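Since the structure comes first, as structure tokens, the remarks are kept for the end.
From a predicted model like this one, the values you see are computed outputs, not experimental measurements. Whatever order the structure lists ligands and atoms in, that order sets their numbers, starting from 1.
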Amino acid sequence: MRVLLINPTMGDYYRHSKVAAAITLSPPLNLALLAGALRQAGHGVELWDLEARPVPDLRAALRASKPDMVGVSFRTPLFPQARRIAEIARQELPGALLVAGGVHPSTRPEETLLRAPFDVAVRGEGDLSVVELADGRSFEGIGGLTWRGGSTPARALIEDMDSLAMGAWDLVDLRHYERTSLVARTTPVADLEFSRGCRARCVYCTKGVFGNLWRNKSPARFVEELAHAKAHGFRAFNLVDDSFTTITSRAIASCEEMLRVDLDMPWTLTNGIRVGNVNEEFFRVARQAGCYLLAFGFESGSDQVLKRIKKGATVEQARRAVGWARKYGFTILGYFMVGLPGETAETIAETAAFAASLDLDFAKFSITMPLPGTPLYDQWAPHIRDAHKYDFSIHQPDNGLYDHPDFSWPQLEAHTRQAYQTFYGRPRYVARRLIRSLRSGQLAREARYTLGVGAGGLMESFQRR
Ligand code: B12
Ligand code: SF4
């Protein structure tokens, strides 16, 4: 079969906003993996990343490409775009199989099919399902599918991570991924994964694809993938794992293998690691192995709130982890949330003060968003406005998707602005950043982003990411 895989664009909103300063543009890992698996099985594949290479006339392009199957990947905020692609594909390619995949169809398969003309939604990991669909197997014979009028039970999570296909990076033109960012020193950057899944159960987190079972690749296979990415022209990588350090000794072993093979690829952990799943040895070895920037998902400075959101981590653990990361010279990003369940004005202020008290390089404060498929979404369902229920196109803090049970939107926004002010408004912060940029030899690049956009812009960059 001839398969076309499409990654919708996150839109002009990202491209023209100051948020671009904090976002690295990388080719879509999910579609590169699916393309690799499809090709291994003998199918022809095209991959269109509309984020990096917009297709101005999608109709004409689809007509010219004439695929037998079109697969579109999307997270919840991209649903409106995915629907538009499906509508055009339905009109131009009436005989093609239209497949929805990714986080949103995995968590909301029925609504996806109700509101967009896809033929089938793939729930969960798509590595095997996409091949079985292209092979022409009947829907009933494939696990984890939903179609109009039927569905099959979820398929088991893939445990042998070494069995996954290598990313088909030759299908993307890396010249379109050369934009540096605040977090990317060297480009192009490959998004890669060492593990899937996370054992924690944070109430706001979508687990509909990789679930709670943590699985990892062998260090040898992982390094083989790095070499594969390097051979295709990538100069750096970012690990997108839900929880890279779940078994800290395995994360260390993968870093040791990187050191042994020495591919000279700088890397980052921008998705965040858990403060409780680390030890000093991890930071020492990861730094030696080329990791220069990492993020922590702290979320709150209140142990009470952390408990309420089932974070499974404490403020004390956070301080210890930051101390180690600082000792080994990492650039450190902190992710925090505002308006979590059980939050009061006092706990938000506590979070802001906690962020300022940690020796972080950057902090991002996000207003809590209940996303489909999370316990928080179910808990706050009565507060979610019907008109917006399945259209998350304007995924911004002020979009009025829901009424927070304890705060008005202006209050949440004011608290968030205040948190940014508390963190970035410190005179010491600017002085420290300057010294660190000088020391790391990154002054020119970092100044371009931090000074270039100004303190307000920096706040906006992180606010909207
Ligand atoms: C990297 C990342 C980003 C990057 C995106 C980079 C990029 N090039 O895409 C950035 C920083 C921009 C980002 C932004 C956001 N993100 Co994000 N992000 C991730 C992260 C950490 C990794 C994504 C990834 O590469 N995973 C690895 C691949 C292999 O997994 P996958 O995409 O799920 O693909 C598998 C299956 O879904 C399926 N599949 C996927 N596509 C397709 C297509 C077909 C046809 C088929 C058959 C199967 C299939 O097969 C794949 C292989 O098994 C995930 C968490 C995670 N671990 O997945 C969160 C995650 C996707 N993000 C999330 C969120 C909430 C956001 C934001 C909304 C955050 C915000 N507040 O603004 C924005 C959304 C922006 C937007 N407009 O869409 C949520 C999504 C929740 C939801 N219901 O949609 C996730 C799941 C985190 C979480 N656990 O809650 N994100
Ligand atoms: S630690 Fe991260 S990936 Fe794991 S459940 Fe919590 S938010 Fe999700």
Side-chain angles (χ1 to χ4, degrees), residues 3-11 13-14 19 22-34 37 49 51-52 69-79 81-82 98-108 118 120-131 133-134 144-145 157-158 164-165 167 177 191-193 195-210 212 214 238-243 246 270-277 297 299 309-313 335 337 364 366-369 371-374 377 392-397 463-465:
V3 183
L4 169 63
L5 299 174
I6 302 183
N7 183 40
T9 169
M10 284 184 275
Y13 161 67
Y14 262 167
V19 73
I23 297 262
T24 308
L25 184 60
S26 293
L29 169 64
N30 45 21
L31 297 188
L33 291 177
L34 300 185
D49 178 7
E51 183 62 35
M69 171 173 148
V70 179
V72 185
S73 174
F74 50 104
R75 301 180 283 271
T76 296
L78 293 177
F79 175 66
Q81 299 216 40
L98 303 189
V99 184
V103 185
H104 190 70
S106 295
T107 46
R108 283 288 185 270
F118 288 103
V120 62
V122 170
R123 308 190 316 270
E125 292 173 300
D127 312 77
L128 302 172
S129 310
V130 79
V131 174
L133 281 169
L145 291 194
L157 291 166
I158 298 168
L164 294 174
Y177 300 89
D191 272 348
L192 295 176
E193 56 178 8
S195 68
R196 286 182 178 179
C198 172
R199 294 172 182 172
R201 291 173 191 273
C202 306
V203 298
Y204 54 83
C205 177
T206 316
K207 305 296 277 292
V209 175
F210 296 140
N212 288 98
W214 189 80
N238 174 50
L239 281 188
V240 299
D241 299 28
D242 277 336
S243 180
T246 290
T270 59
N271 190 35
I273 52 174
R274 288 176 55 75
V275 296
N277 295 95
E299 325 310 356
I309 62 168
K310 299 192 165 52
K311 188 73 202 173
Y335 297 140
M337 295 174 75
K364 172 185 182 271
S366 313
I367 294 183
T368 304
M369 274 288 161
L371 282 160
T374 63
Y377 188 91
F392 289 70
S393 51
I394 325 162
H395 196 85
Q396 301 173 21
Q463 201 163 356
R464 294 267 175 96
R465 188 165 190 259

Quiz item: With backbone taken as N, CA, C and O and side chain as the heavy atoms from C-beta onward, which portion of Ser26 lies under 4.0 Å from ligand 1: side chain, backbone, both, or neither?
Solution: backbone
Self-check item: Residue selection (non-hydrogen contact nearest atom 52 (C) of ligand 1) among Asp127, Val240, Asn30
Solution: Asp127
Quiz item: Hey, which protein N/O/S atoms does atom 6 (Fe) of ligand 2 have under 2.8 Å?
Solution: Cys202 SG
Practice problem: Can you figure out which of Leu31, Thr206, Asn238 has its heavy atom closest to atom 81 (C) of ligand 1? | Solution: Thr206
Quiz prompt | Side chain to side chain, Asn7 and Leu5, heavy atoms closer than 4.5 Å | solution = no
Quiz prompt | Where ligand 1 meets Val122 - atom numbers and elements under 4.0 angstrom, heavy-atom basis | solution = 47 (C)
Practice problem: Could you check if a side-chain atom of Gln81 sits within less than 4.5 angstrom of a side-chain atom of Met10, using non-hydrogen atoms only? | Solution: no
Self-check item: Residues forming a ring pair (Phe, Tyr, Trp, His ring centres under 6.0 Å) with Phe210, sequence neighbours excluded
Solution: none
Exercise. Measure Thr76 to ligand 1 on non-hydrogen atoms and call it side chain, backbone, both or neither using the 4.0 Å cut-off.
Key: both
Self-check item: Worked check of side chain to side chain contact (heavy atoms under 4.5 Å, CB included) between Tyr177 and Glu51
Solution: CA-CA 10 Å; Tyr177 300 89; Glu51 183 62 35; over 6 Å; no
Self-check item: Close approach, Cys205 and ligand 1, non-hydrogen under 4.0 angstrom
Solution: yes
Quiz item: Out of Ala165, Gly124, Ser106, Ala134, whose heavy atom is nearest to atom 36 (C) of ligand 1?
Solution: Gly124
Practice problem: Report yes or no: does a heavy atom of Lys207 sit under 4.0 Å from some atom of ligand 2? | Solution: yes
Practice problem: Using a 4.0 Å heavy-atom threshold (strictly under), name the region of Phe210 that reaches ligand 1: side chain, backbone, both or neither. | Solution: side chain
Exercise. Determine whether the side chain, the backbone, both or neither of Lys207 has a heavy atom under 4.0 Å from any heavy atom of ligand 1.
Key: neither
Quiz item: Of all residues at least two apart in sequence or in a different chain, which pass the side-chain hydrogen bond (donor to acceptor under 3.5 Å, both in side chains) check with Ser106?
Solution: none
Practice problem: Among all protein heavy atoms, pick out the one at the shortest distance from atom 7 (S) of ligand 2; state its residue, atom name and that distance to 0.1 Å. | Solution: Tyr204 OH, 3.5 Å
Quiz item: Using heavy atoms and a threshold below 4.0 Å, how should the contact between Leu25 and ligand 1 be classified: side chain, backbone, both, or neither?
Solution: neither
Exercise. Answer yes or no for Asn7: is there a heavy-atom contact with ligand 1 below 4.0 Å?
Key: no
Quiz prompt | Residue-ligand contact Thr107/ligand 1, heavy atom below 4.0 Å | solution = no
Self-check item: Shortest reach to atom 63 (C) of ligand 1 by a heavy atom, considering only Glu125, Arg75, Arg123, Met337
Solution: Arg75
Exercise. Sequence neighbours left out, what passes side chain to side chain contact (heavy atoms under 4.5 Å, CB included) with Val99? Give chain and number order.
Key: Met69, Leu97, Val120, Val122, Leu133
Quiz prompt | Identity of the nearest option to atom 49 (C) of ligand 1, non-hydrogen atoms only, from Gly272, Gly208, Gly102 | solution = Gly102
Quiz item: Is the closest heavy-atom distance from His104 to ligand 1 below 4.0 Å?
Solution: no
